[in-house]
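Here's the structure, in structure tokens; my notes come after.
In what follows, chains carry the letters A, B, and so on, assigned in the order in which the sequence lines appear, proteins first and then strands, with residues in each chain numbered from 1.
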Amino acid sequence: MEIAQKHPTHRYRTHTCHELRADNAKGTVKLSGWVHHRRDHGGVVFVDLRDHFGLTQVVLDPKVLPEAEKLRSEWVIQIEGTVQLRPEGQANPAMATGDIEVIASTLVIHNSSETPPFEIESHGGDVAEELRLEYRYLDLRREVMQNNLKLRHRIMQWSRSYFDAKGFLEIETPMLVKGTPEGSREYLVPSRLHPGEMYVLPQSPQQMKQLLMVSGFDKYVQFARCFRDEDQRGDRQPEFTQLDMEMSFVSQEDVMAVLEDWALGVTKAAVPHKTLQQEIIPVMTWDEAMDAYGSDKPDIRFDMRIQEATPLLSNLGIVFLDNALAEGAVIKALVVPGGAGFPRSVIDGYVELAQKNKAKGLSWLAFDDNGMRGSIAKFVDEPTAEKIKETLKVSQGDAVFFVAEQWENAVSCLGALRLDLAKRLNLLDNNLLAYLWVTEFPLFEKGDDGSLGASHHPFTRPLEEHIDLLETDKLAARSYTYDLVLNGVEIGGGSVRIHEQTLQKRVFELLGMKEEEIQQRFGHILKAFSYGVPPHAGCAMGIDRLVMLFADQPTIREVIAFPKNQKARDLMFGAPTPMPLSALHEANIEIYEHLD
RNA sequence: GGAGCAGUAGCUCAAUUGGUUAGAGCACCACACUGUCACUGUGGAGGUUGCGGGUUCGAGUCCCGUCUGUUCCGCCA
């Protein structure tokens, strides 16, 4: 595993700082690394020497090695010396090499170091991420960051072997491509040779991998770097890595089977200390997920399902509920375990949160030993209360939140509350990994301007039995889609693709595209599709997010060596930067000031 | 694009209603110390309170502007 040079005559080291044990006592060794800690006792100097592999205590006698007194944090040194068992009672069980120490006979200072802007292993508060990113090369010296990138490597290597063994071919696709039809903004790359024209960086190799299926490669996989010029989040970066794959002559079940095998396998290989909630990944349709969890990526580590409450609260004389129902709303309920004990300010906070999530309001009832109270308590008589408690399975001490809205708004609002409550009630166990398939997403979705858009991408295949709906009730049409969700995070998603020209054209038309636009945007792929397309399906998995969850990190920036900040800026290099006029000129770019 | 929050020593933070010379811990420097392991002890240095303007007898604190960072929404699979 360890790649250190261990030859006894090697110039820099015979061992790493992690491997010496009691068995090595009396041996002569060479070690190189960074001064992690220095403890100068006058007559003896202790140095914890650090390399990629670990720490070893080195003992230096300043009478023999006067330079030992000059050593400071992060200096790079090399020592030669004798391994010795630590004196009786001096072993450090917290250290892997804590049974031994190296008595230095020679000391070479390869490099001194400025005092770092922050301590490599800080024991106080967290250092601002801004500063960490500015000095990323120092930040990456920290053990947690070294471990994050090691874990990332392990996941990628394991996956490569896995797909290789399954007969997948890794094929590289270009970074300079033509604009793709997916929704997000693209990074533009001006062409020097073709003034006024641009490449874009790929949002994903979607079209390329489908064309590889047309070419007959059967099974394709790639660790693909993807680019999106959108605003950042904790789980979003302008460039990120997808495990991209595509297969020919397969059904949805075939693809899901491969991915399930991969996901469970990589989990056991990379994070054996974590617990899988289920050894088989449960499957839920989009409609079921939305209805029960108010999310297309439910966190099923805890239950707290959203329930139907329309019959329970209808016709109780609650005017605003009856009015909502008359307008086609439904009433959905969320039972909050122990919620009756919440102070009023917390309840008010949830009312506010509900309003932020497209609900006009939040009704609530709380049941405890003092009886029932809540915003609609005066409308609920004893028998109705009993019926509510029985139907929704409310225990004494619980509260129930109700939202009356159109179905999708109602459930997604309660879904947002559900996640917030889980944090408050401490229901989220990071050592538990709960995978979930969400399938049969809507084929189309309505944009804010009322226009129809593809909810996945326009190559997604409608369910066989829903093809008729394309002509009658487009929004009801569901598709052969499957998202893999882990602990409420979308790890990846894919679909069965459309391989028939007529159906593909119809979908484009339904999306409101004229023949001219279809040809201009998708002409190249439609042309390819006229030469014999195999049925095919595939998916893309977000490796950054997977590593983030496996490593218990709060953002994907913690598992990317050199990430951008929230404004897509590289704080270490300072990119992006203004370019000299000559470079702009050569790239055929002219910069105009904003006029508006 | 919108909203919130933050910016004080190298780092993490404090500074009461606007009131003395802006403090602490860690880090740093010097000296002492042969068994520490987040060594210890003594001493020391370190600040244009992001920047610009305003109110005031007086501003780290209040107001306006601006820059930077950050979180959420919009956007984005």
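If you take atom P in G19(B) and the same atom in G65(B), they sit 25 Å apart, rounded to whole Å. For the P atom pair drawn from A45(B) and A22(B), the interatomic distance equals 14 Å after rounding to whole Å. Atom C1' of A14(B) sits at a distance of 12 Å from the matching atom of G60(B), rounded to the whole Å. Comparing the P positions of A15(B) and U20(B) gives a spacing of 14 Å, expressed to the nearest Å. Distance check on atom P: G25(B) versus C31(B) gives 22 Å, rounded to whole Å. Comparing the same atom, P, in G18(B) and in A30(B) gives a spacing of 44 Å after rounding to whole Å. The P atoms of C64(B) and G69(B) are separated by 23 Å, rounded to the nearest whole Å. Distance noted for atom C1' between A27(B) and A9(B): 11 Å (whole Å).
Of the inter-residue distances, the one linking Gln203(A) atom CD with Asp229(A) atom CG reads 10.0 Å to the nearest 0.5 angstrom.
Within residues 57-65 of chain A, the residues approaching RNA chain B are Gln57(A), Lys63(A), by heavy-atom distance under 4.0 Å.
At whole-Å resolution of the value, NZ in Lys567(A) and C1' in U68(B) are 8 Å apart. With rounding to whole Å, Ile556(A) atom CD1 is found 12 Å from C76(B) atom C1'. The CZ atom of Arg236(A) sits 9 Å away from the P atom of A77(B) (whole-angstrom rounding). One interatomic measurement links the two molecules: CD of Glu121(A) to P of C37(B), which rounds to 17 Å at whole-angstrom precision. One interatomic measurement links the two molecules: CD1 of Ile103(A) to C1' of U36(B), which rounds to 13 Å at whole-angstrom precision. Here the P atom of nucleotide C73(B) and the CD atom of Glu230(A) are 15 Å apart, to the nearest Å. Between the CZ atom of Arg132(A) and the P atom of U68(B) there is a distance of 22 Å, rounded to whole Å. We find that CD of Gln566(A) is positioned 18 Å from P of C67(B), with the value rounded to whole Å.
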Heteroatom pairs (N/O) under 3.5 angstrom, protein to nucleotides 1-9 of chain B:
from: G1(B); atom 1: O6; to: Asp231(A); atom 2: OD2; distance (Å): 3.1

For nucleotides 41-44 of chain B, tabulate all protein N/O to nucleotide N/O atom pairs closer than 3.5 Å, reporting atom names and distance.
none

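Listed by first and then second residue, the side-chain hydrogen bond (donor to acceptor under 3.5 Å, both in side chains) pairs that reach into residues 38-52 of chain A are His36(A)-Arg50(A), Arg39(A)-Asp48(A), Arg39(A)-Gln57(A), Arg50(A)-Glu74(A), His52(A)-Gln146(A), sequence neighbours excluded.
Checked for salt-bridge contact, Arg132(A) and Asp139(A) meet the test: a charged N lies under 4.0 Å from a carboxylate O. Of the charged side-chain nitrogens involved, none lies within less than 4.0 Å of a carboxylate oxygen, so that Arg21(A) and Asp23(A) do not count as a salt-bridged pair. Looking at Glu246(A) and Lys209(A), a side-chain N of the basic residue comes within less than 4.0 Å of a carboxylate O on the acidic one, giving a salt bridge. Under a 4.0 Å N-O distance rule, the pair Glu230(A)/Arg236(A) does not qualify as a salt bridge. Salt bridge status for Glu80(A) with Lys30(A): absent, with no side-chain N to carboxylate O gap under 4.0 Å.
OP1 and OP2 of C37(B) both lie 4.0 Å or more from every side-chain N or O belonging to Gln90(A). Residue Asn92(A) places none of its side-chain N or O atoms closer than 4.0 Å to OP1 or OP2 of U36(B). Distances shorter than 4.0 Å separate none of the side-chain N or O atoms of Arg39(A) from OP1 or OP2 on U36(B).
Listed by chain and number, the residues in a ring pair (Phe, Tyr, Trp, His ring centres under 6.0 Å) with Phe227(A) amount to none (sequence neighbours excluded). By the salt bridge (Lys or Arg N to Asp or Glu O under 4.0 Å) test, Asp570(A) is found to be paired with no residue, residues two or more places apart in sequence or in another chain being considered. Under the side-chain hydrogen bond (donor to acceptor under 3.5 Å, both in side chains) criterion, Glu129(A) pairs with Arg557(A), sequence neighbours left out. Listed by chain and number, the residues in a ring pair (Phe, Tyr, Trp, His ring centres under 6.0 Å) with Phe118(A) amount to none (sequence neighbours excluded). Looking at residues two or more places apart in sequence or on another chain, you find a ring pair (Phe, Tyr, Trp, His ring centres under 6.0 Å) between Tyr350(A) and Phe401(A). For Phe240(A), there are no ring pair (Phe, Tyr, Trp, His ring centres under 6.0 Å) partners two or more places apart in sequence or in a different chain.
Across the interface with RNA chain B, nearest-nucleotide mapping of Asp296(A) and Arg569(A) shows Arg569(A) to be the residue nearer the 5′ end.
Backbone-only engagement by Leu131(A) is indicated by non-hydrogen atom pairs under 4.0 Å involving sugar-phosphate atoms exclusively.
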Nucleotide-resolved protein contact map, nucleotides 28-33 of chain B, B/S/- at heavy-atom distance under 4.0 Å: SSS--B
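In this pair, Phe163(A) and Phe168(A) present their aromatic rings perpendicular. The plane angle is above 60°, beyond the 30 to 60° band. Between Phe508(A) and Phe522(A), the two ring planes are parallel [angle under 30°; tilted spans 30° to 60°].
Glu101(A) contributes a side-chain N or O that forms a donor-acceptor pair with the base of G35(B) under 3.5 Å.
Residue side chain Phe118(A) fails the stacking definition with respect to C11(B), as its ring centre and the base's six-membered ring centre are not both under 5.5 angstrom apart and under 30 degrees in plane angle.
For RNA chain B, the stems formed by at least three consecutive Watson-Crick or G-U pairs, with both atom-pair distances below 3.5 Å, span B:1-7 with B:67-73, B:10-13 with B:23-26, B:28-32 with B:40-44, B:50-54 with B:62-66.
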Please determine whether salt bridge (charged side-chain N to carboxylate O under 4.0 Å, His left out) holds for the pair Glu239(A) and Lys564(A), giving the CA-CA distance in whole Å, both sets of side-chain angles, and the decisive distance to 0.1 Å. CA-CA 9 Å; Glu239(A) 49 182 310; Lys564(A) 313 281 188 286; 3.2 Å; yes
